[in-house]
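The structure appears right after this line, and notes come after that.
As the structure is a prediction and not an experimental result, all values here were calculated from the model. Side chains included, hydrogens not; waters and symmetry mates left out as well; all remaining heavy atoms used. Just so we're on the same page: letters track the sequence lines, and every chain starts at 1.
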2 protein chains.
Amino acid sequence: MAVAPPRPKGPHLNALRAFEAAARLGSFTAAAEELSVTPGAITQHIKTMEAWAETTLFVRNARGVDLTPLAEELLPAFVSAFDQLGQAVQALRNKATPEKIKIATLPAVAQLWLAPRLGILRQLAPEISVSVVAMERPPNLMREPFDITLFFTSDPLGADDLEVLQDRIFPVCAPQVAERLSSIRDLHNETLLHDSAWANDWDMWLSAQPAAKGISTKGTTHSLFSVALEEARHGGGVLMAHDALVRPLLIRGELVQPFSETLELPHRLVARMTSSFAHSPVFDKVNKTLFSRL
Amino acid sequence: MAVAPPRPKGPHLNALRAFEAAARLGSFTAAAEELSVTPGAITQHIKTMEAWAETTLFVRNARGVDLTPLAEELLPAFVSAFDQLGQAVQALRNKATPEKIKIATLPAVAQLWLAPRLGILRQLAPEISVSVVAMERPPNLMREPFDITLFFTSDPLGADDLEVLQDRIFPVCAPQVAERLSSIRDLHNETLLHDSAWANDWDMWLSAQPAAKGISTKGTTHSLFSVALEEARHGGGVLMAHDALVRPLLIRGELVQPFSETLELPHRLVARMTSSFAHSPVFDKVNKTLFSRL
DNA sequence: TACTTGCCTCAGTTTTTCTACGCGAAAATA
DNA sequence: TATTTTCGCGTAGAAAAACTGAGGCAAGTA
């Protein structure tokens with residue numbers, strides 16, 4: 001005979017997540033991107049939250065938002081709660097399907113570095129199925145459903161990080177193009193191929209070469225490294241290459257290195273993994289096959 | 001020029017919450033009740049989760065569900081994540097509107113014990129606005145938007161708990177009814193008034209009185225204590241009363257205590273509060289006015 | 001045997017969430 | 001100084017998610 005209970009309800013979980021993202025990133029637009037929605041959706045969630053709490057959480061400036069002191073104070077608790085929730089979800093995925101591995105990495109790395117190694121892994125451990133998703137920036141492993149991210153970074157290594165290799169760049173081109181290049185100054189007359197994700201590789205390399213003074217970095221820009229690479233293979237110009245990505249082509253002679261000068265960049269290719277994955281039984285095989293340098 | 005990113009998405013937050021509740025309570029029906037939805041809704045959420053994780057989380061028996069070992073293993077992480085999230089929300093509510101206090105308590109306590117004291121609080125601190133929600137069972141303060149719960153319990157006190165009073169019961173009735181009651185055995189001829197939430201109060205009291213042997217506990221049952229109380233005031237029978245709830249009426253003489261025998265129950269009225277509230281500036285005033293025994 | 005309990009499924013509905021798009025204000029650019 | 005770009009707001013309509021309600025089923029219980 002109990003009475004119907006009109007219990008007051010808390011705010012919607014999605015609104016809380018929107019608040020957390022917006023507060024953490026300090027921007028509605030950035031939060032929208034992280035959550036793969038439009039900024040308008042974030043606006044609405046935040047408004048719902050503010051109405052529920054009867055307070056204001058953000059000061060809206062024309063250019064971006066600022067957190068109120070209250071939001072600032074509350075933020076850490078939300079971040080940590082969602083981190084924990086995300087990790088619980090990761091653990092679920094990892095323990096439920098331990099043999100399914102998801103890797104996030106740069107398109108170029110996926111195609112040129114990772115793909116060949118996946119074949120080896122398949123031979124060694126056919127029960128493991130790997131899916132690779134290419135993206136420009138590393139996803140947050142506490143929040144997004146990946147086991148491994150493989151990106152270049154110069155940040156210090158964390159507990160579940162593995163350094164895979166040091167990044168080193170140098171120009172490469174087709175053999176017939178190399179014949180006309182006897183000195184660095186000859187680059188003046190060549191098309192310099194750029195990749196938009198590594199826009200200033202040429203600048204960095206050139207400025208490290210005293211002999212290169214005054215050479216302009218104009219040239220063709222491609223949005224995908226692999227397209228620029230294709231162009232270079234067909235003699236379309238000189239590409240600033242990353243060691244790890246072109247080594248097989250150099251070995252096969254499809255590309256050559258016209259100058260011996262290389263530049264070591266201050267960042268490494270780092271494999272970062274969820275802690276669930278790092279402690280899972282399949283980690284060993286994957287690590288041995290993909291990441292250990294022999 | 002970046003490519004459109006078809007990022008894989010995690011499970012929906014509401015599904016996670018449904019899983020957490022179902023796993024914690026070990027029952028879809030109970031989870032449905034906690035979340036104020038129908039059991040069918042829980043079923044669907046769980047199915048979504050299981051499909052996402054490509055695993056089974058519950059073993060469905062004809063009579064209830066059992067957790068799979070996997071769900072069992074994962075449960076604590078989810079519980080703690082949602083606890084933390086709930087606490088963050090509570091902190092938000094508390095800091096955003098510190099002067100608005102929400103109390104959950106039994107209907108009888110709300111009306112007979114709390115209401116008079118709220119008047120005193122309003123005089124002492126008119127800036128504080130209290131809203132009282134009556135319910136049969138204490139809500140989980142980590143999850144539901146209340147600052148204080150006020151319920152009878154015999155559990156040991158936690159850090160943010162305050163013992164308000166010991167529970168003590170004894171029969172009461174209208175003065176004219178009391179005139180016909182000279183000994184406990186006279187109860188044989190009276191209507192015994194019951195409250196459904198405290199169904200066996202009469203049993204307990206009677207069995208503690210040697211002289212009451214054989215008296216039946218038949219009588220009228222009301223779903224609200226206050227209705228039974230009203231009945232008693234109008235001479236409709238003898239009510240088993242809780243000390244704290246009837247004291248003002250005894251003082252005013254509207255009810256009398258026909259026998260001196262009282263029974264101390266092994267539980268207390270306990271005020272439990274969120275830790276945000278316990279550390280907030282208004283706590284002191286509220287505590288002094290409502291809960292301190294003079 | 002009939003009842004009860006607890007979960008399932010399906011269809012239809014309600015609620016929530018999202019997108020689309022135009023507006024406005026400041027900062028960056030020219 | 002004028003123009004463009006960047007960010008966020010607001011609204012309407014559309015899409016997606018969540019929920020309800022009713023009928024079923026299987027295994028205990030009376």
Side-chain angles (χ1 to χ4, degrees), chain A residues 1-2 4-53 55-68 71 82 89 143, chain B residues 1-2 4-53 55-68 71 82 89 143:
Chain A
M1 277 326 94
R7 299 276 247 318
K9 313 224 307 182
H12 291 199
L13 294 178
N14 288 340
L16 295 178
R17 177 165 58 183
F19 164 71
E20 187 267 350
R24 175 164 43 81
L25 301 169
S27 152
F28 288 13
T29 311
E33 198 163 326
E34 170 164 312
L35 300 177
S36 309
V37 297
T38 53
I42 303 294
T43 303
Q44 291 176 59
H45 279 309
I46 303 289
K47 280 185 39 154
T48 310
M49 283 271 295
E50 292 184 323
W52 181 83
T55 190
T56 123
L57 266 4
F58 293 91
V59 178
R60 276 77 166 175
N61 305 313
R63 198 168 191 74
V65 291
D66 291 321
L67 303 200
T68 59
F82 277 106
V89 173
R143 308 295 173 89
Chain B
M1 281 322 96
R7 299 277 247 320
K9 311 224 309 182
H12 292 194
L13 294 178
N14 287 341
L16 296 178
R17 178 165 57 181
F19 164 71
E20 187 266 352
R24 175 163 43 81
L25 301 169
S27 152
F28 287 15
T29 312
E33 198 163 326
E34 170 163 313
L35 300 178
S36 311
V37 297
T38 53
I42 303 293
T43 303
Q44 294 178 71
H45 278 309
I46 303 289
K47 278 186 43 153
T48 310
M49 283 273 294
E50 291 183 323
W52 181 84
T55 190
T56 121
L57 265 4
F58 292 91
V59 178
R60 276 77 167 176
N61 304 312
R63 205 168 187 72
V65 290
D66 290 322
L67 303 201
T68 59
F82 277 105
V89 172
R143 307 296 172 87

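- Residues from residues 41-50 of chain A with heavy atoms under 4.0 angstrom of DNA chain C, sorted by number: A:Ala41, A:Gln44, A:His45.
- Within residues 20-27 of chain B, the residues approached by DNA chain C to less than 4.0 Å at the level of any non-hydrogen atom are B:Ser27, in residue-number order.
- Not counting sequence neighbours, B:Arg63 has no partner by the salt bridge (charged side-chain N to carboxylate O under 4.0 Å, His left out) test.
- Counting only residues at least two apart or in different chains, salt bridge (charged side-chain N to carboxylate O under 4.0 Å, His left out) contacts with residues 38-48 of chain A are absent.
- Chain A approaches DNA chain C within less than 4.0 angstrom (heavy atoms of the protein), and the contacting nucleotides run 5' to 3' from C:dT16 to C:dA27.
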Give the table of side-chain donor-acceptor pairs shorter than 3.5 Å for residues 8-19 of chain A, with sequence neighbours excluded, one pair per line with atom names and distance.
{"unit_1": "A:Asn14", "atom_1": "OD1", "unit_2": "A:Arg17", "atom_2": "NH2", "d": "3.4"}

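- Taken residue by residue, residues 8-15 of chain B places heavy atoms nearer than 4.0 Å to DNA chain D at B:His12, B:Asn14.
- Every residue meeting the side chain to side chain contact (heavy atoms under 4.5 Å, CB included) condition with A:Val37, not counting sequence neighbours, appears here in chain and number order: A:Ala32, A:Leu35, A:Ala41, A:Ile42.
- Here ring pair (Phe, Tyr, Trp, His ring centres under 6.0 Å) pairs that include residues 30-50 of chain B, with residues two or more places apart or in two chains, number zero.
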Nucleotide N/O to protein N/O under 3.5 Å, stretch nucleotides 23-28 of chain D:
none

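- Judged as a side-chain hydrogen bond (donor to acceptor under 3.5 Å, both in side chains), and not counting sequence neighbours, B:Gln44 has no contacts.
- In terms of the side chain to side chain contact (heavy atoms under 4.5 Å, CB included) criterion, residue partners of B:Ala30 (sequence neighbours excluded) are, by chain and number, B:Leu25, B:Ser27.
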